[in-house]
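Below, chains carry the letters A, B, ... as their sequence lines are ordered, and counting in each starts from 1.
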Amino acid sequence: MIAELGHLALVMALMMALLQAGFPLAGAAGGVPLWMAVARGAGRAQCFFLLAAFGCLAASFALNDFSVAYVAQHSNSALPLYYRLSAVWGGHEGSMLLWATILGLWTLAVTIFSRSLTEDFVARVLGVMGLVSIGILLFILLTSNPFERLAVPPADGNDLNPLLQDFGMTIHPPMLYMGYVGLSVAFSFAVAALLSGSLDAAWARWSRPWTLVAWTFLTAGITLGSWWAYYELGWGGWWFWDPVENASFMPWLVATALIHSLAVTEKRGAFKAWTVLLAIFAFSLSLLGTFLVRSGVLTSVHAFATDPARGLFILVLLGVVIGGSLMLYGLRAPAVRDNARYELVSRENLLLLNNVLLVTAAGSILLGTLYPLVVDALGLGKISVGPPYFDAVFAPVMAPVFLLAGTGLLFPWRSASLTAIARRTRWLALLSVTAGIVTMAVFWNLRDIKTFATITLAIWLVATAGYTLWSRVRLREHWLAGLRSQSRGVYGMTLAHAGLAVVLIGIALSGCYTVEKTVRLAPSETVTIGDYAFTFRGTTRVEGPNYTASQGEFAVRSGTREVILKPEKRAYRVQRNTMTEAAIDPGLTRDLYVALGEPMDNGAWSVRLYYKPFIRWIWLGGLCMALGGVLAASDKRYRVAARQKAALSAAPSSATA
Amino acid sequence: MRLTFLIPLVVFVLMVVLLGVGLTLNPREVPSPFIGKPAPAFSVPQLHAPDEALTSEVFRGQVSLLNVWASWCVSCRQEHPLLVELAKTDRVPIYGLNYKDERNAALEWLARLGNPYRSSAFDADGRIGIDWGVYGVPETFVIDRKGIIRHKFTGPLTREAIDDILLPLVQQLKGEPG
Amino acid sequence: MKRSVRACLLVLCCGCVPVASATEIRTFKDTTEQLRYEQLVEELRCLVCQNQSLADSDADLARDLRDEVYQIIRSGKSDEEAVQFLVERYGDFVLYRPPVKPMTWLLWLGPFLALAGGLLFIRSRTRQHAATRSPELNAAERERLRQLEGDTRK
C-alpha cells in the first residue's frame, strides 16, 4: 500500500512538473499573468509530492517491506534502522528519487526566495526547472521505478553494500546531489535570462547566491567523499581520478569558474555571454556525470546500472536539455551587449584567466574520461587513461590558479600595474620560498621539487590572501573598524582561498612524506615507524549486527603516550563480502593508520601500517572552502536584494546616476 | 561572428553521437594483442597424463581451438555443453588450457560433464595464461594452420557466436594454404 | 577494492571484493627498487576489476601480475621491460598512462592547445574592449543595482 502511494505521489509530482513548466513558460512568452502565477503553486505542490514519494520509500525500508524489489535488493532485516534509511539512496532507483526530491527542494527554495524578481522572470526560472524535473521524473517512472513490487517477495533482503554502511557514505550523496542539482538553479536563471533577453548585472546578482550555495554543497560533498574513501577503503588513498569522482569534480571546477565570472558580470557588466555559457556548462556536466555513471559506457565499478535502455534515455534527456540550451545560447547570445572597458592587465582579465584555467582543467578531465570511449567508438582499439595522465595534465594547468588566487583584490578593475603589484608582494614571495625551503629541511628532503613547489605555492597563496585582506583593512584609521567594514563576501573569499592553500599543504606533505609498511606481525611483535612503535596484541572475534569480524588490537606507543587501535576485517553475512575497517589515530599533524590484510599462520596477520603527515589538512581545507562559500552566500547585499520587493520593475523610472 | 556562439552546440552534438556509439560497445572487452601473431610457446604436463607434455607445436598444421577453462569457473560450465557438442561434430579439434585449477577437481569435472578436448594443458600456476594474455576465463582462441592466432572470444561462447563467427572462420582458415 | 569504489552507488564487479589488498610482503634490494615497483603497479591497470590498478586490485590475476612485475624488477630489468612484458600480452589497455603516439596526440596536447586558445581569447577580447568607449554598466543597470541594494550603502 505504501509503495503504491509512493508511486502515485511520483505520478502526481510529474503532473505538477508539467503544470510548472507548461503554463508559466507559455504565460511568460505570451504575457498572461494568470498563467505565470501557476509557477509557484505548482512548484510547491511538486516538492510536496516528491517528499511524499521519498517518505513512502523510506517507510518501506523502515518497515522491511521486501515485496518492494528495490527494498529487497538493498536492505535486510538485520540492518540497523539508521542504515535502512540511508539505504534509500543506496542503489540506482532510490538515488534517482533522491535527485528528483532535491530538485523539488531547490524548486521550493526558489518559490520562496524570489520575491525580488519580476513575475515573468520567476515564471521562466521555475518553468525551466519544471522541464528538467519532467525529464528526470519520466526517467524514474519509465526505467527506474523504485516502487516496483516483486511477484514473490523474498523472506529477507539482499542487504546494503557493506561499503555504504557507514556514516560518511550516509551524508555524502545528499550533499553531492544538493550541489549537482543546485546548479540547476543557476542554469535555469541563465536560460530564463536568454529567453527574456534581460541578461544584465541584476541577473548576475540574483544568480550569485544560488550558485554559491550549490558550490558550497558540492565542495562539502566532494570533501566528504574523499574522507570516506580514505578511512573506508582500507589503504589510505583520498583521490583516485575514478570516472565517478571526475563526474563530480568537473561540475565543481566549472561552478568555481562561474562564481568568479558572475562577480565580473555583476560588478562590471562584462563577460555576460560567457557567464551564461558557464552556467549552462556547470549543470550540463552534472547531467553528463549522471549519464556516464548510469549508462555503462565507461567501465567503472560504480556503473552498476549498466542498462542500455537507461543509458539511451539519459542520452536523449541530455540531448534535449543541454542541446536545447546551447541552441538557445547560439541564437540569443550574439545579441548580448558587453560594454565593459578594461586593459590587458586588470582584475577583469585576471578573473577571465582564472576562468580559462578552470575550464581547461575541467575540459582536460572530460577529455581524459571520454578519450578511451572515442578511440573505441572509432574502432581504433582500447586504451586506458588513468591517474598518471590526470596528474600530469591537471597540475600544470592549475598551478597558475594557485599563483594568482590570493592576489585577486590587489588588481584594480579596468587597469592594473603588474610592477606595482610585484613590488607590493615581493616580500611575500621571498617568505613563501623560504617557507618552502624550511619545510623541506624539516622533513629532510631537499630534492623533491614537486613538493617544494607545492608548499611554496600554498604559502604564497595564503600569504597573498591574508595580505590582500589586510591591505583593505588598513584603509580605515583603526584596524577594528577596518575589519568590521569588510563584507562577508570578502571574508568568505579569503577563507576559501586560504582553504585551498590548506588543501595544497595536505596534498604535498601527505603525498611526499607518507611512510607505508606492509609486514607480517605475530601477536606481541612490534614494528616501528619513526617515533611510533606498533605492537600487535592479536585478534578477537567480534559479532556485529549483520557481520562477523576479526578485530585486531594494536598498541601504538610514542614516548609516554599510548593509543589502542582496533582495525577489523569484517565478513558480511548476507552480501558475503569481506571488508577492511581501518583503525586510525587522527591528528592535526599526522594520522596513524592500521589495516588488517590477510591472516597467516600462528595467529599472525599481514598488516598495513601508515604514517600520514598532514593528511587531515586536505579535508580541513575543503571544509574551510565550504565555510567560505557559506559566508559569501550570506553576504548582506543578497539579503537586501531579497527584501527589495519588485525593485526591478521600479528600476527604469528614475535614473539619477 | 554569430557562428562562434554555435561552437558549443556543435561540439556537444559530436559528443552525443560518440556517446551514442559508446552505448553499443562493451567496455569490458579488451582486444587481444595476439591476433595475427604466433601462438605463444609452451610445454607443460597434460591434465590426463602428468608425465607427458603438451606443447604449442600441436597447433601447427591444423586449424584448431584453444579453450581456457577451469572447474572453479562458473561461466565455463555455461559454455561447456556447446563445446562438447562442437567436439562431437569433429569440425575442429579443441585443445584445453586448464587454468589455475586442481588436477583432481578438473578431472572430476570433465568426467561428469564430458570431455570435449583432444588434450588439456595443465597450467597450475597460471603462467601460460599470462603468456596468452588471459584475463577472464573462459576464453577461446582460434589458431590457423601456421600456428597463428586469428581470433579470440572472451567470456563464454554462445550458440550464435559459434554458428555465426567461429565456424565460418574455421571454414575460411581451412581453405587457406598451410 | 579501494581505488575506485567510491561515491554513492556501486555494485561490485566479478569477484572483486572490497578488501585492502596487495598485502604481499616483499623484500627489495633498496628503497629505489621498492619505489620503482610500487610506482609500476600503481600505473598498470587490472584487467579483471577494470577500474583498479594492479596495486589495488584483489583479483587473482592482479596478484599473479604483481608477482610477475616483482620478479622482473628483482631480476634487474628495467621498468620499460616490465611494461613491455604486460603490453605484449594485454595491449595498451593495461597502461594507465597512455603512450604518446599519433592516436593519443590529441589527448596529450589537447589541454595545452585549449589553454593556448583561451589565452588568445583573452587577448582578443581585451583589444576589442579597450577600443569601445561606452560605459560598462549602462544607466539603467546601475540604477537597478542601486535599488536592489536599497539604502544600505551610504
Between CG on residue B:Leu19 and CD1 on residue A:Ile314, distance to nearest 0.5 Å: 11.0 Å
Closest heavy-atom pair and its distance - B:Leu9, A:Gly323: CD1-O, 3.3 Å
For A:Leu315 against B:Gly20, the heavy-atom pair lying closest together: CD2-CA, 3.5 Å
Gap separating the CG atom of A:Leu326 from the CZ atom of B:Phe12, nearest 0.5 angstrom: 6.5 Å
Value rounded to 0.5 Å, distance of OH in A:Tyr371 from CG in B:Leu18: 11.5 Å
Structural part of A:Leu366 lying under 4.5 Å from a heavy atom of chain B: side chain
Part of A:Ile280 lying under 4.5 Å from any heavy atom of chain B: neither
Please report, to 0.1 Å, the donor-acceptor pairs under 3.5 Å made by any side chain of residues 183-194 of chain A, with sequence neighbours excluded.
from     : atom 1 : to       : atom 2 : distance (Å)
A:Ser184 : OG     : A:Val181 : O      : 2.5
A:Ser188 : OG     : A:Ser184 : O      : 2.7

A:Met327 atom CE, neighbour heavy-atom count above 12 within 6.0 Å: no
B:Gln62 atom CD, over 12 foreign heavy atoms within 6.0 Å: yes
List the atom pairs, with distances to 0.1 Å, where a side-chain N or O of residues 352-362 of chain A and a protein N or O form a donor-acceptor pair under 3.5 Å, not counting sequence neighbours.
from     : atom 1 : to       : atom 2 : distance (Å)
A:Asn355 : OD1    : A:Trp274 : NE1    : 2.8
A:Asn355 : ND2    : A:Ala257 : O      : 3.2
A:Asn355 : ND2    : A:Leu351 : O      : 3.1
A:Thr360 : OG1    : A:Val356 : O      : 2.5

Atom group of B:Val16 that falls short of 4.5 Å from chain A, counting heavy atoms: both
Within 6.0 angstrom of B:Arg77 CZ, more than 12 heavy atoms from elsewhere: no
